[in-house]
2 protein chains.
Amino acid sequence: MAGPEGGTTDTGKGTLVSSVFADLRNTILGSRYSIGEKLPSEAQLTEQYSVSRTVIREAIAQLRADGLVQARQGSGVFVISNQAASGPGFLQVDAQRVSSMIEALELRTAIELESASLAAQRRSPAQEETLYERLHEFSRAIQAGLSTFDADFAFHLAIADATNNPRFREVLEMLGRSVIPRTSLQTGNDEKTSVPYLEKIQAEHREIADAISARNEEGARDAMRTHLRGSLSRYRELLRGSSA
Amino acid sequence: MAGPEGGTTDTGKGTLVSSVFADLRNTILGSRYSIGEKLPSEAQLTEQYSVSRTVIREAIAQLRADGLVQARQGSGVFVISNQAASGPGFLQVDAQRVSSMIEALELRTAIELESASLAAQRRSPAQEETLYERLHEFSRAIQAGLSTFDADFAFHLAIADATNNPRFREVLEMLGRSVIPRTSLQTGNDEKTSVPYLEKIQAEHREIADAISARNEEGARDAMRTHLRGSLSRYRELLRGSSA
DNA sequence: GTCAATAAGTTGTATGATGAATTTACTCTA
DNA sequence: TAGAGTAAATTCATCATACAACTTATTGAC
């Protein structure tokens, strides 16, 4: 077995297939691939997610069923659409529109407040440990000058897992990474990646983790609210800035 | 029945996976399985189509992406819908399993707490009016001896609308009516439809509406929590009862 | 430069094994 | 006999390996 690390999000509940599927789906819908572009090969994805080829193939089969990709034998898997075949209202966030991001973020706030509270009630020792491990990874990413993007999301997923209710992870994966300040929203982004800024985030994360660890429901909820309120206000600022 | 039968599309075009997928899909959409029915096991399907488990599993993965079936480890693969593209059934709740209902209800609690709070902040006068109208409809349904089912759900949707964030309605619709105690869960249901019980619900609803009307965020949140906590405990009781 | 043969890379399928969750059957007890 | 507890059988989830089929890049001869 290879180590339980790798690219993005793994450890947790739900099936591996659904995790990989959700992640790939978000990646595609988030326009991180352009139409016609080729996905990494199955072998590469196997590495990236640290799962077997079986899992990758089933996830891709689901993407195919959604009409997002098309596989060509001998050649590769290609993106043929980046729009959800959204029928009656799907939770698709338009990462280009700030207002859409704010809507999603409010929704996510709802989920995460309860998530933090439930996690404080129910976390297992193992889940507590995982939480701090994610915290540490975030720290390492800062020091290494790497993107904290995945580490941030992984931390929030770990909280969701600590509720022992797999639905919370599902919704979070569905909403994708819409909370996390993206450089994809052009915003002079220097500030967003500055070390002091990231360390503030890290401190907020620690606050949340500590409250969950102490089984302090109220504290966890409050710390999470503070954390997300920060993101929300930053987005609101963006919205004002762009319309002004 | 070995060999390439089982009905329709086989040899000829495309991959084996797409063949098997198309055939299974047609079978399900053609209502040859009823909702909740179990598909043949992977081993049986392997025999039936004379293909490997890999192919069967990928085909089933696609059916899952289409929201037609749901796989339960250790149990089997079950049909959960026989309608095509009736929405990207993601957060499909298995109404047959009480545990699944509880999971969904916890999720819904998260949404509705925030929803009530935001509604208290932002409701327009028109939305306030709508809220009381729904309340009234619920009342009328009780007196008429009709089902309060739709009225109940409509009330909650009205709150979601009062947040002025359309996502809240989307999620609520997605989760469906899973909060509302269903007679579909066999439960001697007489109690559930009794007038005193319904009037208690109605009183709780009024409490919520009043708090939103008064722009009392905390109050709205608390009233909603009380309301949903009731449903949750009723389900928990069911769970204990059925396992005993 | 052209073209055919070859090599390397990628998806499609098959097979066997192990783990985890659930259901069913059975045994033992009171 | 009834019931509880356990053992065994099912069934999906995942991993690992192997080979076939197809595409693309490379090579070598002319």
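Fair warning: this is a prediction, and the values are worked out from it, not measured in the lab. All chains are named by letter (A, B, ...) in the order of the sequence lines, taking the proteins before the strands, and each is independently numbered beginning at 1.
- Atom C1' of nucleotide C:dT11 and atom CZ of A:F78 are separated by 11 Å, given to the nearest angstrom.
- Of the candidates C:dT11, C:dT13, D:dA13, C:dT11 carries the atom nearest the A:S41 side chain, counting heavy atoms from C-beta on.
- Between B:R57 and B:E42 there is a salt bridge, with a side-chain nitrogen of the basic residue lying less than 4.0 Å from a carboxylate oxygen of the acidic one.
- Side-chain contact, A:E173 with A:S19: a donor N or O sits under 3.5 Å from an acceptor N or O.
- Side-chain contact of B:D66 with A:Q62: a donor-acceptor pair under 3.5 Å is absent, judged by distance alone.
- One interatomic measurement links the two molecules: CD of B:E47 to P of C:dA14, which rounds to 13 Å at whole-angstrom precision.
- The CG atom of A:L45 sits 14 Å away from the P atom of D:dC15 (whole-angstrom rounding).
- Relative ring orientation between A:H205 and A:H156 is described as perpendicular, the plane-to-plane angle rising above 60° on a 0-90° scale split at 30° and 60°.
- Atom CZ in B:R57 sits roughly 17 Å away from atom P in C:dG16 (whole-Å rounding).
- Taking every side-chain heavy atom of A:R64 into account, C:dG12 is the closest of C:dG12, C:dA14, D:dC12.
- Atom CD1 in A:I56 sits about 14 Å away from atom P in C:dG12, given to the nearest Å.
- The separation between B:Q70 atom CD and C:dT22 atom P is 12 Å, rounded to whole Å.
- For the pair B:R72 and D:dT11, the criterion of a side-chain N or O lying under 4.0 Å from OP1 or OP2 is not met.
- Looking at A:Q73, its side chain comes within 3.5 Å of the base of D:dA21 through a donor and an acceptor atom.
- Among the heavy atoms of the strands lying under 4.0 Å from A:R53 is at least one base atom, whether or not backbone atoms are also near.
- Of the two residues contacting DNA chain D, namely A:E58 and A:S75, the nearest-nucleotide position lying further toward the 5' end is that of A:E58.
- Within 4.0 Å of B:T54, counting heavy atoms only, lies at least one base atom of the nucleic acid.
- When the shell of 6.0 Å around CD of A:E37 is examined, it contains more than 12 heavy atoms from other residues, nucleotides or ligands.
- In the set D:dT14, D:dC12, C:dT11, the nucleotide with an atom closest to the side chain of A:V77 is C:dT11.
- Distance CD1 (B:I60) to C1' (D:dA13): 12 Å, rounded to an integer number of Å.
- Checking the phosphate oxygens (OP1, OP2) of D:dC15, a side-chain nitrogen or oxygen of A:S52 falls inside 4.0 Å.
- Atom CG in B:L16 sits about 12 Å away from atom P in D:dA21, given to the nearest Å.
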